[in-house]
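Written out below as structure tokens is the structure these notes cover.
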Amino acid sequence: MFYTSIAETQTALAAGEITTVKLVERYLASIGDQRYLNIYVEVFADEALDLAREQDGRRSAGEKLGKLAGVIISIKDVICYAGHIVSAGSAILEDFESPYTATALQRLLDEDAIIIGRTNCDEFAMGSANENSHYGPTRNAADPARVPGGSSGGAAVSVQANTCLLAVGSSTGGSVRQPASFCGIYGFKPTYGRISRHGLIAYGSSFDQIGLLARDPADIALGLEIIAGADSFDATAPNKEVPAYSQSTSTGPKRIAYFPEVLENESVDPAIRQTTADALDRLREAGHSVHPVTFDYFDYVVPTYYVLTTAEASSNLSRYDGMRYGYRSSEAETLEETYKQSRSEGFGPEVQRRILLGTFVLSSGYYDAFYGKAQRARRVIQEQLRAILSEHDFILMPVSPSQPWPVGDQIDDPVANYLADIYTVLANLAGLPAIAIPAGTEPDGHLPVGYQLMADLWKEEELLGFVRR
Ligand code: GLN
């Protein structure tokens with residue numbers, strides 16, 4: 001038996017129904033039984049048990065415990081944790097030990113969260129299926145022949161398969177919402193800047209945000225309340241007040257926008273279109289008003305995202321050069337060979353493809369035609385979304401046009417993977433907060449289905465309050 005929320009877990013611990021040590025042992029056994037899912041790159045078994053023992057001691061001594069006492073979490077392999085390896089799912093960082101801890105993670109630890117391990121992900125968070133990992137694919141617990149989504153695939157399955165309660169992931173273009181939806185749980189990305197990126201391995205810095213995955217949106221609200229807010233290590237996390245998200249509620253009817261064009265789009269899986277339409281019906285019945293709106297730029301969303309993120313990636317990943325840290329080719333003799341061979345041997349094919357693309361769009365002569373134009377497109381996309389959100393509380397739409405596909409099916413077709421990001425990258429392009437909401441399983445099948453809600457900048461409180469209502 002596994003608890004499904006922080007409240008349930010902490011009630012059981014307070015009542016003496018279970019100890020923290022027993023809880024950790026239960027999750028460790030669950031990890032052991034489900035190794036075939038390839039969820040974790042590394043399990044911190046001894047450390048988690050030591051912390052649990054220590055917490056049980058403090059509990060029986062009547063000491064005050066943190067807000068996350070007894071909460072077992074997983075961290076995606078892109079989040080730095082001092083004294084632990086962080087490899088970004090890449091051979092180039094396979095043995096790299098982090099000298100410091102990410103701000104968001106430190107805030108969770110300070111509230112007594114216990115980390116059970118680091119989860120598998122696409123290399124440098126580049127992917128939508130968790131198949132671009134140096135450690136092999138993670139599998140969807142609802143159907144192990146299928147992908148769990150990506151890039152936080154291990155994070156999503158870590159919650160789905162009951163190996164922890166809360167997972168810390170990251171989103172550059174959908175890496176929290178899409179795997180959450182593929183695995184039937186909640187996945188949330190905040191407004192750009194709401195959570196410090198200090199200690200998050202960079203992919204596309206103007207897009208990257210840490211996000212949370214859980215079975216209960218109340219757990220996401222509490223987690224966000226703890227990790228959000230200014231940080232002197234990240235100038236993009238402004239000094240804005242952090243609301244008490246764990247107390248957020250929603251009252252009164254809301255105005256909800258949707259895109260009829262998406263609901264009618266034949267290339268969107270029928271079960272997903274049905275799920276989205278049903279969600280709108282239920283909201284209408286509950287007294288909210290639902291309004292069709294148009295968005296003129298769907299054709300430009302994926303190209304804009306892939307021009308800008310590959311450009312940022314090519315610059316961010318230039319630091320992995322075989323000289324400073326990470327993998328160094330043992331074959332290389334000269335300086336130039338060291339750069340070339342270390343990077344050719346250390347990076348996987350998808351990362352190399354994106355570095356090449358990003359270097360191309362930034363090169364002189366092409367910069368204005370690609371990078372400059374994509375930046376202008378990003379602004380236009382953001383303005384139209386924010387115009388919609390100035391008249392509506394939320395936009396409701398699918399998370400992905402496709403259901404989880406069989407492992408290996410799309411690995412040789414990067415463009416098919418990129419196109420499937422269309423509905424998630426919108427929020428990242430515009431910096432908006434968004435959450436994937438599970439909606440059971442598809443009518444004639446066994447795979448999870450879901451949809452997402454997006455809100456205007458800094459409206460996490462309204463969004464989470466509404467989802468929890
Ligand atoms: N699938 C998208 C990509 O490959 C998003 C990944 C992410 O959010 N990290 O870039």
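Both counts, for ligands and for their atoms, begin at 1 and track the order of listing. A quick note: this is a predicted structure, and the numbers were derived from the prediction, not measured.
Tested against Y40, the residues T119, N120, T163 include a single side-chain hydrogen bond (donor to acceptor under 3.5 Å, both in side chains) partner, T163.
Using 4.0 Å as the threshold, F207 has no heavy atom nearer than that to any atom of ligand 1. The closest approach between any non-hydrogen atom of R354 and ligand 1 is below 4.0 Å. Not a single heavy atom of Y418 sits less than 4.0 Å from an atom of ligand 1.
Within the 6.0 Å centre-distance limit, the rings of F259 and F298 are counted as a close aromatic pair. A centroid separation of less than 6.0 Å is found between the aromatic rings of Y418 and Y306.
Which parts of ligand 1 touch G127 is read off a 4.0 Å heavy-atom cut-off, strictly below it: atoms 1 (N), 2 (C), 3 (C), 4 (O), 6 (C). The A125 neighbourhood of ligand 1 comprises atoms 6 (C), 7 (C), 9 (N), with distances under 4.0 Å to a heavy atom of that residue. Listed by number with element, the atoms of ligand 1 under 4.0 Å from a non-hydrogen atom of G173 are 5 (C), 7 (C), 8 (O).
Of the polar atoms of S171, none of the N or O atoms is found under 3.5 Å from an N or O of ligand 1, judged by distance alone. Residue G174 has at least one nitrogen or oxygen atom sitting less than 3.5 Å from a nitrogen or oxygen atom of ligand 1, judged on distance alone. Not a single N or O atom of K76, backbone or side chain, sits closer than 3.5 Å to an N or O atom of ligand 1.
The aromatic rings of Y320 and Y325 lie perpendicular to each other, with more than 60° between the two planes, well past the 30° mark. A tilted orientation is assigned to the rings of F360 and F370, their planes being inclined by 30° to 60°.
If you check which protein heavy atom lies closest to atom 2 (C) of ligand 1, you get D421 OD2, 3.2 Å. Protein heavy atom in closest approach to atom 5 (C) of ligand 1: Y305 OH, 3.4 Å.
Residue-level proximity to ligand 1 for S175 is carried by backbone and side chain together, each with a heavy atom below 4.0 angstrom.
Looking at L68 and L108, their side chains come closer than 4.5 Å, going by heavy atoms from C-beta outward.
With Y305 as the aromatic partner, R378 does not meet the cation-pi criteria of under 6.0 angstrom to the ring centre and within 45 degrees of the ring axis.
With sequence neighbours excluded, no residue satisfies ring-ring contact (aromatic ring centres under 6.0 Å, His included) with H134.
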